[in-house]
Protein chains: 2
Amino acid sequence: MDIRTIARLANVSIATVSRTINRVPTVNPKIAKRVWEVIEELDYFPNTQARALVSGRSWILGLIVSEITNPFFPELIQGFEDIAVEHGYEILVSSTNHDPKRMSHCIRRMLERKVDGVAVMTFGIEAPLLDQLAQRKVPLVFIDVGPDGPGINVLKVDYHHGIRQGVQHLAALGHRNIAFVRGPEGLHSAESRLDAFLVSLRECGIAPNPAWILSGDHTLEGGMAAMQQLLGEKNMPTAVMCSNDMTAIGVLHTMYRAGLRVPDDLSVIGFDNIHIAEVTIPPLTTVQMSRFDLAKAAVTALRACAEGTEKSAQKHEYNIQTDLVVRESTGFPRGAMKDLPKKVRAKK
Amino acid sequence: MDIRTIARLANVSIATVSRTINRVPTVNPKIAKRVWEVIEELDYFPNTQARALVSGRSWILGLIVSEITNPFFPELIQGFEDIAVEHGYEILVSSTNHDPKRMSHCIRRMLERKVDGVAVMTFGIEAPLLDQLAQRKVPLVFIDVGPDGPGINVLKVDYHHGIRQGVQHLAALGHRNIAFVRGPEGLHSAESRLDAFLVSLRECGIAPNPAWILSGDHTLEGGMAAMQQLLGEKNMPTAVMCSNDMTAIGVLHTMYRAGLRVPDDLSVIGFDNIHIAEVTIPPLTTVQMSRFDLAKAAVTALRACAEGTEKSAQKHEYNIQTDLVVRESTGFPRGAMKDLPKKVRAKK
DNA sequence: CTGAAAGCGCTAACAC
DNA sequence: GTGTTAGCGCTTTCAG
């Protein structure tokens, strides 16, 4: 069954069927109605390949993520899928696992399938590779940072807002000795989080201690290793902020292994607010970054370029907010708890 | 740039270029070499749409999952992507969120993109909807159960093996009072797990207690609710098996909220062995089902149908094994711990 | 407002 | 072993 079948049954030419399907306004409404009836009755739908071949638009949006197994990404993918499909696009998701070889393979796949745009949500760029896309004028959208050029948008995440809230929350509880477990070196979003932490610390009048800036890689294992290292330090902080939730969960686990308690012995703050952060033990205080907002902004930006009217040519600003979600992994610094009940009792 | 460009530069016809690319063996090696050189130099690759249009094969494999946000699925998707891409396929992933409307939309998307096959990994079937695929002769592969027919394969998971190991492990520790938190009603894989549990229990000479078969839905929230309900019972079991890991994590969390300890007050076993099961508090004893094996079997089955030579027409059996992974959420039944240290001390 | 016709880039007969 | 050619199903001028 093809467009000709419909044309024959509706007694019109294939051109008219095509126009009807594509909602060209000049089609006589009566004829259009007749065409639609035949289409519905036969449950016909156009062949996407043929359509893409002739029109040059595939109606496919690519999405490149770093690791699909980090719970942050499936939540993002879900949103991206929902919004893209809502606007008639199909999505092509691919994960790089931080491997440049995979990244290059990803890009090739996107090119081969002639995607109408690509959202690069790896939180870090492999600039030279992405040039292949830019050169072929594929609209791109990045997080945080990316090359500038026509058809390229960057989503700005305000890391500072949420992280400052976190640091202030800790400071308000009485913490002065706060460590930070970083994300991968060179990953822009990770650097930004660290910067935001450092700035916020100083805002609170606290001088950062270099020994308490631990390296990590945004994985469970990285978080465990960082905490293990911290445990070896002569003087321990009373709180630790992590560059993402997976890291924080690793920290929680190492604390548990060491027989220490959170937040009694150490307060912990994560970043992302992935779903399971609600049920960690204890539930994780973390900075929320909306996956839905990110996905929505990404699709919107890509559509603006792909469906490009003149007005959309003028670049929009896309800003993503972050906010602290207080749960139970943060509390008074070690020692303060002992004092507090006394004071409370004294008042009685 | 298209196939004609290559043909011109290599001084051959487009047919020869096509044959070279498709590795038709009759092409003169010398000429083929010349063609490849031009291809490499220009970094040419064929237009997939055109290719699909004429050949009827899209080289796209569909993957329908229930919820991408359950960590089990991203791990499966990763494997599916890797193996499919390795064999030259692109993948089209879509999640149904257990919503029939979404499921039907999913199927439509698969049909529109003319996928060469679909893996339905929802662990439950919406038979009437899938008929649309079967009717159009799209090769299908299911987990556990599915309609029979040409081009339809079913991957058999041996739930019994791993679950029996779990029950025996519990029995060996001295548990006789074991509860089970089920998955969604009507979900075949969930029913199978419950069955396997019941059978294994009887094998150990333990009569199941109906009050200890709790309903759940394979989510964190379901697990929490089930445990909450169990906490209200007059007589509590000493161990609980869960239909999946998310449920078990919910159980762990409710135990924590109730101020009870795992495994001291209750032993807990999950199912799936998702990555974070390693770092729950305590680390979760669970039944491992290999996502990689599942993904590999699914792609293999689909390819056999799609690339269909005669020999592949004869159906293969695909079996997936399950095995217990013992961690720290299981221990002696409540009370037994007190005895043990005494005995140990007595020996000294 | 509608139809005829020319391709989009490629594969697969079919000739040579 | 290689080239010629007829489409795959659709969109889009260009006439009418």
Side-chain angles (χ1 to χ4, degrees), chain A residues 1-36 38-39 42-60 88 90 111-116 136-137 306-307, chain B residues 1-39 42-60 88 90 111-116 136-137 306-308:
Chain A
M1 175 178 24
D2 62 7
I3 200 172
R4 264 174 290 266
T5 321
I6 307 298
R8 204 178 323 116
L9 268 60
N11 260 309
V12 292
S13 71
I14 61 166
T16 301
V17 177
S18 174
R19 289 194 194 99
T20 306
I21 290 173
N22 293 301
R23 306 209 129 81
V24 174
T26 61
V27 179
N28 181 325
K30 279 184 186 164
I31 298 191
K33 186 162 173 289
R34 203 166 74 218
V35 172
W36 278 120
V38 177
I39 289 176
L42 300 203
D43 195 28
Y44 163 83
F45 50 86
N47 180 321
T48 3
Q49 333 267 21
R51 208 182 243 226
L53 182 57
V54 56
S55 72
R57 312 235 314 91
S58 65
W59 290 92
I60 298 177
E90 199 43 79
L111 251 22
E112 286 182 355
R113 295 285 166 179
K114 297 259 184 302
V115 294
D116 290 342
R136 310 207 189 207
K137 293 188 189 157
E307 300 168 13
Chain B
M1 172 179 26
D2 61 7
I3 199 172
R4 264 175 290 266
T5 320
I6 307 299
R8 203 177 326 116
L9 268 61
N11 261 310
V12 292
S13 70
I14 59 165
T16 301
V17 176
S18 175
R19 290 194 195 99
T20 308
I21 290 172
N22 294 300
R23 308 208 126 81
V24 174
T26 60
V27 180
N28 181 325
K30 279 184 187 163
I31 297 191
K33 185 160 174 289
R34 204 165 72 217
V35 172
W36 278 120
E37 280 167 7
V38 177
I39 290 176
L42 300 204
D43 196 25
Y44 162 84
F45 49 87
N47 180 320
T48 3
Q49 334 268 22
R51 208 184 249 230
L53 183 57
V54 56
S55 71
R57 312 234 316 89
S58 66
W59 289 91
I60 298 178
E90 199 41 80
L111 252 20
E112 285 183 356
R113 295 286 166 179
K114 297 259 183 306
V115 294
D116 290 342
R136 309 207 190 208
K137 293 187 189 158
E307 300 168 13

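A quick note: this is a predicted structure, and the numbers were derived from the prediction, not measured. Protein chains get the first letters and strands the later ones, always in sequence-line order, with residue 1 at the start of each. These numbers come from the heavy atoms of this one structure, side chains and all, not from hydrogens, waters or symmetry mates.
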What verdict does the side chain to side chain contact (heavy atoms under 4.5 Å, CB included) test give for A:N11 and A:R34, after you've listed the backbone C-alpha separation in whole Å, the side-chain angles of each residue and the deciding distance to 0.1 Å?
CA-CA 9 Å; A:N11 260 309; A:R34 203 166 74 218; 4.1 Å; yes
Protein heavy-atom contacts under 4.0 Å, written 5' to 3' over nucleotides 8-16 of chain D as B (base), S (sugar-phosphate only) or - (none), form the string BBBBBB---
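- An OP1 or OP2 oxygen of D:dG3 is reached within less than 4.0 angstrom by a side-chain nitrogen or oxygen of B:T16.
- Side chain of B:N28 to main chain of B:K30: a donor-acceptor pair is present (N/O by atom type, distance under 3.5 Å, no hydrogens or angles).
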Could you walk me through whether B:F45 and B:I21 pass the side chain to side chain contact (heavy atoms under 4.5 Å, CB included) test, one step at a time? CA-CA 9 Å; B:F45 49 87; B:I21 290 172; over 6 Å; no
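- B:D2 places a side-chain N or O within 3.5 Å of a backbone atom of B:R4 that can act as its donor or acceptor partner.
- Atom CZ in B:R8 sits roughly 16 Å away from atom C1' in C:dC10 (whole-Å rounding).
- Counting to the nearest Å, the P atom of C:dG9 and the CZ atom of B:R57 are 23 Å from each other.
- Under a 3.5 Å cut-off, the side chain of B:S18 and the backbone N or O of B:I14 do not form any donor-acceptor pair.
- The interatomic distance linking A:N11 (CG) with C:dC1 (P) rounds to 20 Å, in whole Å.
- Atom CD in A:E112 sits roughly 12 Å away from atom P in C:dC10 (whole-Å rounding).
- B:S58 has its side chain within reach of A:Q49: a pair of non-hydrogen atoms, C-beta onward, lies under 4.5 Å apart.
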